[in-house]
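A short write-up of the structure that comes next.
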Amino acid sequence: MNENLFASFITPMILGLPLVTLIVLFPSLLFPTSSRLVSNRLISLQRWMLQLVSKQMMSIHNTKGQTWTLMLMSLILFIGTTNLLGLLPHSFTPTTQLSMNLGMAIPLWAGAVVTGFRNKTKASLAHFLPQGTPTPLIPMLVIIETISLFIQPVALAVRLTANITAGHLLIHLIGGATLALMSISTTTALITFMILILLTILEFAVAMIQAYVFTLLVSLYLHDNT
């Protein structure tokens, strides 16, 4: 069991070619669009959820910040569906790869920071030095605030990677323990199986919550810079 513990996190390959691109594009097929005047229930539910999330997330933004609405809604849909698809058996979750999460976090964070320096130069520079700082502490505080600024995208990516990876590892370990206990103690195996079901339900919630948290933090970074 230990040999295959991290097998689900290995990038799938066919004929030596990685399938990450196809896996990343697959969630977009799960959101149908309709050209009819009256949509069906699935599309109506999809639009209602998008309107609810966008209204809650973008209500704090000004006009410039609200121009990011489409990007942020696309981001939460992509991360959420990718996390949920990764819970299927024998599937691959791209969001368990730190490189991919950094690839999402760094451009969005950099775009928000650049927007802040363009539109609110004085306010953005003021974040590096809080008002009323004693003169001897100014160099140290500037260094600390600079490090905290550059660590934001890393924290975004590591948070998403760690939460999704930990959940997958727990499901893998408890599932393996359930199979091993079936031949030893049926009662213990049943209890472990119930724990596995509860953990799987929890992972469905974590998959959606982490998508929301990632997008919400990007939205807050944008709000601080617009």
(message) Among residues at least two apart in sequence or on other chains, which ones pass side chain to side chain donor-acceptor pair (under 3.5 Å) with Thr192?
(response) none
Do [X] and [Y] come close enough that some side-chain heavy atom pair is under 4.5 Å?
X: Ile191; Y: Leu181; result: no
X: Leu98; Y: Val158; result: yes
X: Leu217; Y: Arg159; result: yes
X: Met104; Y: Phe214; result: yes
X: Tyr212; Y: Ile76; result: yes

(request) Find out if a path of hydrophobic residues (ILVMFWY) with successive side-chain heavy-atom gaps under 4.5 Å connects Leu52 to Met49. (result)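 Yes, it is one cluster - the side chains of Leu52 and Met49 are joined through contacts under 4.5 Å.
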(request) Indicate, with yes or no, if Leu84 and Ile171 share a hydrophobic cluster defined by side-chain heavy-atom contacts under 4.5 Å among Ile, Leu, Val, Met, Phe, Trp and Tyr. (result) yes
Residue among [options] satisfying side chain to side chain contact (heavy atoms under 4.5 Å, CB included) with [X]:
X: Ile164; options: Leu87, Ile79, Thr95, Asn101; value: Thr95
X: Tyr221; options: Leu156, Leu108, Leu149; value: Leu156
X: Thr215; options: Leu77, Leu220, Leu72; value: Leu72

I'd like to know whether [atom1] of [X] has more than 12 heavy-atom contacts from other residues, nucleotides or ligands below 6.0 angstrom.
X: Phe150; atom1: CZ; value: no
X: Ile151; atom1: CD1; value: no
X: Phe193; atom1: CZ; value: no

(request) Over all heavy atoms of both residues, which pair between Pro107 and Leu102 is shortest? Give the atoms and the distance, please. (result)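 Looks like CD-O, 3.9 Å.
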(message) For Leu160, is there any backbone N or O sitting under 3.5 Å from a side-chain donor or acceptor partner on Gln210?
(response) no
(message) Using only atom types and a distance under 3.5 Å, with no angle test, would you say the side chain of Ser54 pairs donor to acceptor with the backbone of Gln51?
(response)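 Checked: pair present.
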(request) Evaluate the criterion side-chain hydrogen bond (donor to acceptor under 3.5 Å, both in side chains) for residue pair Thr96 and His168; output intermediate values, then yes/no. (result) CA-CA 9 Å; Thr96 57; His168 282 57; over 6 Å; no
(message) Test question: given the 4.5 Å side-chain rule for I, L, V, M, F, W and Y, name all other residues clustered with Leu198, or answer none.
(response)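 Cluster partners of Leu198: none, it stands alone.
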(message) Could you walk me through whether Asn225 and Thr115 satisfy the side-chain hydrogen bond (donor to acceptor under 3.5 Å, both in side chains) test, starting with their C-alpha distance in whole Å, then the side-chain angles of each, then the deciding distance to 0.1 Å, before giving a yes or no?
(response) CA-CA 6 Å; Asn225 290 280; Thr115 302; over 6 Å; no
(message) Just to verify, what does Phe204 make a ring-ring contact (aromatic ring centres under 6.0 Å, His included) with, not counting sequence neighbours?
(response) none
